[in-house]
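See structure below.
Counting convention: from 1, in listed order, for ligands and their atoms alike.
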Amino acid sequence: MDPCLDMKDLKKEDSVNFIQIDVELFSPLNPHIEAELIFLAMEILKAPFSFQEKDIYTLELNTLGCPNCRIKYKEDLLKFLEENKENLCETCKERITRNPLRVLDCKNETCKEVVSKSPIITEYLCKECKDHFISLKEVLDFIGIKYVENPRLVRGLDYYVRTIFEIKAKGLGAQDTVAAGGRYDYLLKELGGPELPAIGFAIGLERWAISIFGDEENKGILESKKFLEKLNPDLFIILLGKELLNEGFKLATLLRKKGIRCEITYEEKSLKAQLKNADKLLAKYSLILGDEELKKKSAILRNMKESIQEEVKFKDWEDLSTKVFEKIKNKI
Ligand SMILES: [Zn+2]
Ligand SMILES: [Zn+2]
């Protein structure tokens, strides 16, 4: 996790500091490793949410090709930008010679309009880059990571090659990117280091927080009150008897893996005291397990708000966690 300074704003008195969570992975070109990294980025972002809100981030994917496939692309892009120069903003006019790829990243509406007709890198890929991009998409499809291909995604930095991605949040306006990354296979060498291909991503902590809670300009994915409500336990596991602690812990772990927000008391307390505890924490459900219940392989699931309860029969802990998950998933 690094505190950063925005280079664009160095001249301003109040230079913008922000905090990033960075992940770097040094590895040769490999679609599985890239997919794993993208998966990790998505999982980190989604971690504060329950399983119901997991579709709030969109993954945009592109490839920038290698230096070889970029030669012809840059040529054509430059030609296109020169032809459309009069419609570009002042900054972009300068960018044409300095870093034409950055024009594709401009947030100015008229620039966006021009860029929407620009040549796209994916039509210039060499065989190796093309095959690699196809393999990566196949792996993502296979593991069920949804993505949107955006052939005009560039990330604006010269050192990126091949795979790049951005993760955008719903409802964040123009600055909706909360995480971004890509390959920088030649960067270390260019900086005087070894020839070590790498891929990495950064999550902007502030953008991520705004995407969740909102601020003066943005609503946020969850209004903060609703979000706080989400932090209340979905389920409070009530264990009656010290000898059940290990089992209870195991059950909580299985339920947490399924996305259920679980609480449990590892102290010996009466049923009444534990129910009171569950109430105090505003738990939506409680699951009562005692020696008797364990022998009969049945637990009691209680809807705390409506004060109704039912018996849940089970074969083992995995079975019980699945049954409880199925019963409460649509009500939490
Ligand atoms: Zn290439
Ligand atoms: Zn512009």
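Counting only heavy atoms from C-beta outward, the side chains of Val139 and Phe142 never approach each other to under 4.5 Å. In this structure, Leu282 and Met304 have side chains that are not in contact, with every pair of non-hydrogen atoms separated by 4.5 Å or more. For the pair Arg162 and Ile199, the minimum side-chain heavy-atom distance is 4.5 Å or more.
Between the side chain of Arg152 and the backbone N or O of Ser116 there is at least one donor-acceptor pair closer than 3.5 Å.
Judged as a ring pair (Phe, Tyr, Trp, His ring centres under 6.0 Å), the pairs with a partner in residues 67-118 (not counting sequence neighbours) are, in order, Tyr73-Tyr124.
Listed by chain and number, the protein N, O or S atoms at a distance under 2.8 Å from the Zn ion (ligand 1) are Cys66 SG, Cys69 SG, Cys126 SG, Cys129 SG.
With respect to Asp76, the side-chain hydrogen bond (donor to acceptor under 3.5 Å, both in side chains) criterion is satisfied by exactly one of Lys72, Lys74, Lys79: Lys72.
Leu61 and Ile38 get closest at one heavy-atom pair: CD1-CD1, 4.1 Å.
Contacts of Phe314 classified as ring-ring contact (aromatic ring centres under 6.0 Å, His included), with partners at least two apart in sequence or in another chain: Trp317.
For the Zn ion (ligand 2), the count of nearby protein N/O/S atoms, taking only those under 2.8 Å, is 4.
Other residues, nucleotides and ligands place no more than 12 heavy atoms under 6.0 Å from the CZ atom of Phe249.
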